[in-house]
Amino acid sequence: MTTRLAAGDTAPAFALEDAEGARVSLEDYRGRNVVVYFYPKAATPGCTTEACDFRDNLSSLDAAGYSVLGVSPDEVADIRAFSEAEGLTFPLLADTDAAVAQAWGVWGEKTVGDRTFDGVIRSTFVLDGDGVVQRAEYGVEATGHVARLRTELGV
């Protein structure tokens, strides 16, 4: 497991492709609070639940000054299909080599059923407009996560 981020750390910079193949960087969000969440795999049950919860709460998050970015190790074509299928209205980013996941400390050993493997550990970060971590949550549950986050942020 790589080093985990904590409140007060500067978030590692990144520039990744979105569902349309455009480059999106963390620097693009300078001056705005941003929720960056890492999810294991597009179009799987937990990841769909979480993405749809962010979609359904995006207007209130946006009104409170928060942008949302979803990051996974999926290929651009897979995040495009996922985004279109679920009507997602915020950027999903393709971290195909998992370099960003590793830099943010969300890549590690996980067990699903009887299989143990390395992958993305579902995690969420809240950054301020200077890219400083305000909240770092590792190993979050997909169901109810967005509602809890909104409560904690006062949104």
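This one's a predicted model, so the numbers in the text were calculated from it and none came from an experiment.
Judged by distance alone, the side chain of Asp130 and the main-chain N or O of Val132 form no donor-acceptor pair under 3.5 Å. Not one N or O on the side chain of Arg135 forms a donor-acceptor pair closer than 3.5 Å with the backbone of Val126. The closest donor-acceptor contact from the side chain of Ser123 to the backbone of Ile121 lies under 3.5 Å. At least one donor-acceptor pair closer than 3.5 Å links the side chain of Arg55 to the backbone N or O of Glu86. Asn57 places a side-chain N or O within 3.5 Å of a backbone atom of Asp53 that can act as its donor or acceptor partner.
When all heavy atoms of Gly129 and Asn33 are compared, the pair lying nearest together is N-OD1, 3.6 Å. When all heavy atoms of Arg4 and Asp9 are compared, the closest pair comes out as O-OD2, 4.3 Å. Looking at every heavy atom in both residues, Cys52 comes nearest to Leu88 through N-CD2, 4.4 Å. For the pair Val76 and Asp18, the tightest heavy-atom approach, listed with the atom from each and the gap, is CG1-O, 3.5 Å. Residues Asp74 and Ala94 share a closest heavy-atom pair of O-CB, 3.2 Å. Listed here is the closest heavy atom pair of Ser60 and Val155: O-CG1, 3.4 Å.
In this structure, SG on Cys47 lies 6.5 Å from CZ on Phe82, to the nearest 0.5 angstrom. Taking CG of Asp78 as the start and OG of Ser83 as the end, the distance is 12.5 Å to the nearest 0.5 Å. In this structure, the separation between CG on Leu153 and CG on Leu61 is 7.5 Å, given to the nearest 0.5 Å. In this structure, OG1 in Thr111 is found 8.0 Å from CZ in Phe117, a value given to the nearest 0.5 Å. The line from CG of Leu92 to CD of Glu17 is 13.5 Å long, rounded to the nearest 0.5 Å. Separation of atoms CD (Glu141) and CZ (Arg148) is listed at 9.5 Å; rounding is to 0.5 Å.
Residues Val71 and Val68 do not share a hydrophobic cluster, defined by chaining ILVMFWY side chains whose heavy atoms lie under 4.5 Å apart. No continuous path of hydrophobic side-chain contacts links Phe38 to Leu58 [ILVMFWY only; heavy atoms under 4.5 Å]. Following chains of ILVMFWY side-chain contacts shorter than 4.5 Å, one can reach Val106 starting from Val34, so the two form part of one hydrophobic cluster. Val100 and Tyr37 are not part of a single hydrophobic cluster, where members link through side-chain heavy atoms under 4.5 Å apart. Note on Phe54: it clusters hydrophobically with Tyr39, by side-chain heavy-atom contacts below 4.5 Å among ILVMFWY residues.
Looking at heavy atoms from C-beta onward, Arg32 lies in side-chain contact with Asp62 at the 4.5 angstrom threshold. Between Val120 and Pro73 there is a side-chain heavy-atom pair separated by less than 4.5 Å. Contact check for Pro12 versus Trp104: side-chain heavy atoms found under the 4.5 Å cut-off. When side chains are defined from C-beta on, Pro40 counts as touching Lys110, because their heavy atoms get closer than 4.5 Å.
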After noting the C-alpha distance and the side-chain angles of Ser25 and Asp28, does the key distance pass the side chain to side chain contact (heavy atoms under 4.5 Å, CB included) rule?
CA-CA 5 Å; Ser25 75; Asp28 297 340; 3.1 Å; yes

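By the neighbour-count criterion of 12 heavy atoms within 6.0 Å, atom CD of Gln134 is densely surrounded, having more than that number from other residues, nucleotides or ligands.
Separation of the Tyr66 and Tyr29 ring centroids does not fall under the 6.0 Å cut-off.
When Leu26, Val35, Leu69 are each tested for a side-chain contact (heavy atoms from CB on, under 4.5 Å) with Leu127, only one passes: Leu26.
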